[in-house]
Amino acid sequence: MTSKPVLALVGCGRWGAYILRDLVSLGCEVHVAAHSTDSRERATAGGAASFRERVEDLPAVSGAIVAVPTTAHANVIRRLAPRGVPIFVEKPMTPDAEEARRLAAELPGRLFIMDKWRYHPGIEALRDIARSGEMGRVIGLSTWRLDWGSPHADVDAVWILAPHDLSIALEILGHIPEPRAAVAEPGRKGLSSLSAILGSDPWLRLEVSERYPVKRREIRLHLLRGTAVLADGYDTHVEITRAGPDGAPLIEKRHVGEAMPLLSELAAFVGHLAGGPAPKSSAAEGALIVDVIARLRDLATTGPATTRS
């Protein structure tokens, strides 16, 4: 009989409860470490095997998942590191580019980032369209991630939202283009929005904000002979538009399936613990995303460097 995978989950807040749910559904034995009474109640209700208040008091595990506030990521990673097991941390790795580089250098092959949108079937379909050449070369990629407010108290909306779209660029384009320009709106605790242009061939145009009353999640792939669009995170199809013989648009809705990205990325991590391939986002890629966000924030607040004659 195959034994259950035994994992640690550090943090059992609003999002951590979903992680616990999916790990239990995958047949894992999950030991939770968190501080609050609410977290204890969520862990107990979600089927955790045990609850500890300190990371150091967790039992022996084969892997660990970090779902604490962003500003606590680095501290928890370092407290888990002596165990020598793979660690899967929610994005962004940290809100500090230098700290992210250090962690990536210290834990290569052991630290991975939970970039769930890289596992979205619609994003995987856009990636396949881009790589197949069926609609010609890729011109660019546009993303919109807009909402009203943010439930995160420790960092601003840009640190929470922008990692999704940069990881999507990694999945579809295979790289993150070089930052070129950015503008931002200030908020109560940093930036409330960021609009940016990266690269040129192909380019990436992204917009993230917590100041839109209507939620929008759209990813648009621009190709030589048309566009391919995932219009919402819960859509089960991508919409492909080409020009018909008379110039009118020909629209195809291509089914992509209903797999839930969080469950898919957790299954990938659990599979890795059993000897399978590593999850998609390495520590080096996570550090790159943090660095690009830091550079975009600098561009938005200081403007591009200029050359004086």
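- For the pair Leu166/Leu204, a side-chain contact is recorded, criterion being any heavy-atom separation below 4.5 Å from C-beta on.
- Between the side chain of Thr44 and the main chain of Glu41, no donor-acceptor pair closer than 3.5 Å is present.
- Counting Ile, Leu, Val, Met, Phe, Trp and Tyr side chains that sit under 4.5 Å apart, directly or through other members, Tyr119 stands alone, with no cluster partners.
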For residues 27-35, tabulate all N or O donor-acceptor pairs below 3.5 Å that involve a side-chain atom, not counting sequence neighbours.
from, atom 1, to, atom 2, distance (Å)
Glu29, OE2, His31, NE2, 2.7
His31, ND1, Ser50, OG, 2.6

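- Following chains of ILVMFWY side-chain contacts shorter than 4.5 Å, one can reach Phe51 starting from Ile19, so the two form part of one hydrophobic cluster.
- The heavy-atom pair separating Arg225 from Gly133 by the smallest distance is NH2-O, 3.5 Å.
- The side-chain hydrogen bond (donor to acceptor under 3.5 Å, both in side chains) pairs that include a residue from residues 187-197 are Glu185-Ser193, Ser192-Arg211, where partners are two or more places apart or lie in different chains.
- With sequence neighbours excluded, no residue forms a ring-ring contact (aromatic ring centres under 6.0 Å, His included) with Trp148.
- Between the CG atom of Asp232 and the NE2 atom of His237 there is a distance of 9.5 Å, given to the nearest 0.5 Å.
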Could you give me the CA-CA distance, side-chain angles and deciding distance for Ile168 and Leu206, then say whether side chain to side chain contact (heavy atoms under 4.5 Å, CB included) is met? CA-CA 11 Å; Ile168 286 170; Leu206 69 84; over 6 Å; no
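- Side-chain contact check for Leu111 versus Met93: some heavy-atom pair is nearer than 4.5 Å.
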Begin with the C-alpha distance, continue with both residues' side-chain angles, and end with the deciding distance and a verdict on side chain to side chain contact (heavy atoms under 4.5 Å, CB included) for Asp115 and Ile289. CA-CA 11 Å; Asp115 286 323; Ile289 286 174; 4.0 Å; yes
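- When atom types are taken as modelled, the side chain of Arg180 and the backbone of Gly199 share a donor-acceptor pair closer than 3.5 angstrom.
- For the atom pair CD1 (Ile129) and CD1 (Ile240), the distance works out to 3.5 Å, reported to the nearest 0.5 Å.
- Shortest non-hydrogen contact noted between Ala60 and Val6 is O-CG1, 3.8 Å.
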Side chain to side chain contact (heavy atoms under 4.5 Å, CB included) evaluation trace for Glu106 with Ile77: CA-CA 11 Å; Glu106 292 167 14; Ile77 291 168; over 6 Å; no
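- In terms of hydrophobic clustering, with Ile, Leu, Val, Met, Phe, Trp and Tyr side chains grouped at heavy-atom distances under 4.5 Å, Leu288 and Val158 are assigned to a common cluster.
- Val55 and Leu103 fall within the same hydrophobic cluster, where Ile, Leu, Val, Met, Phe, Trp and Tyr residues are linked whenever their side-chain heavy atoms come under 4.5 Å apart, directly or through other members.
- Put simply, the side chain of Val85 does not reach to within 4.5 Å of the side chain of Leu80, judged on heavy atoms.
- Between the side chain of Asp96 and the main chain of Glu99, a donor-acceptor pair closer than 3.5 Å is present.
- A donor-acceptor pair is defined here as one N or O able to donate and one able to accept, closer than 3.5 Å; no such pair exists between the side chain of Asp235 and the backbone of Val238.
- Grouping the Ile, Leu, Val, Met, Phe, Trp and Tyr side chains by contacts below 4.5 angstrom, directly or via other members, places Val24 with Phe88.
- The two residues Thr70 and Pro92 make their nearest non-hydrogen contact at CG2-CG, 3.7 Å.
- Criterion: ILVMFWY side-chain heavy atoms under 4.5 Å apart, direct or through other members. Under it, Val155 and Val292 are part of a common hydrophobic cluster.
- Looking at Arg217, its side chain never comes within 3.5 Å of a backbone N or O of Gly233 through a donor-acceptor pair.
- In terms of the ring-ring contact (aromatic ring centres under 6.0 Å, His included) criterion, residue partners of Phe112 (sequence neighbours excluded) are, by chain and number, His272.
- Residue pairs that meet the salt bridge (charged side-chain N to carboxylate O under 4.0 Å, His left out) test with at least one member in residues 120-134, sequence neighbours left out, are Glu124-Lys280, Arg127-Glu171, Glu134-Arg242, Glu134-Arg254.
- Taking 4.5 Å as the limit, some side-chain heavy atom of Val68 sits within range of a side-chain heavy atom of His73.
- With sequence neighbours excluded, the residues that form a ring-ring contact (aromatic ring centres under 6.0 Å, His included) with Tyr18 are Trp15.
- Residues that satisfy the salt bridge (charged side-chain N to carboxylate O under 4.0 Å, His left out) test with Arg42, not counting sequence neighbours, are absent from this structure.
- For Trp203, the ring-ring contact (aromatic ring centres under 6.0 Å, His included) partners are His222, not counting sequence neighbours.
- Side-chain contact between His164 and Thr143: absent, with no pair of heavy atoms (C-beta onward) separated by less than 4.5 Å.
- Qualifying side-chain contact (heavy atoms from CB on, under 4.5 Å) partners for Arg14, counting only residues two or more places apart in sequence or in other chains: Pro151, His152.
- We find the CG-CG distance between Leu194 and Asp156 to be 9.5 Å, quoted to the nearest 0.5 Å.
- Residues passing the side-chain contact (heavy atoms from CB on, under 4.5 Å) test with Arg101 are Ala97, Glu98, Asp291, sequence neighbours excluded.
- To the nearest 0.5 angstrom, Ile197 atom CD1 is 14.0 Å from Glu178 atom CD.
- In this structure, Arg118 CZ and Ile172 CD1 are separated by 10.5 Å, a value rounded to the nearest 0.5 Å.
- The side-chain contact (heavy atoms from CB on, under 4.5 Å) test applied to Asp22 returns Ser25, Leu262, Leu263, Leu266, not counting sequence neighbours.
- Atom CG of Leu173 sits about 7.5 Å away from atom CG of Leu221, to the nearest 0.5 Å.
- Contact between Trp159 and Thr94 at its shortest, heavy atoms only, is CZ3-O, 4.1 Å.
- By the 4.5 Å heavy-atom criterion applied to side chains, Thr71 and Pro95 are counted as neighbours.
- For the pair Arg145/Trp117, a side-chain contact is recorded, criterion being any heavy-atom separation below 4.5 Å from C-beta on.
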Hey, mind stepping through Lys91 and Ser167 against side chain to side chain contact (heavy atoms under 4.5 Å, CB included) and telling me if it holds? CA-CA 10 Å; Lys91 57 79 199 162; Ser167 71; over 6 Å; no
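- Ala130 and Leu223 make their closest contact through CA-CD2, 4.4 Å (heavy atoms, listed as atom of the first residue, atom of the second, distance).
- Residues His120 and Ile219 form no side-chain contact, since every pair of their non-hydrogen atoms from C-beta on lies 4.5 Å or further apart.
- His255 approaches Thr236 most closely through the heavy-atom pair ND1-O, 3.2 Å.
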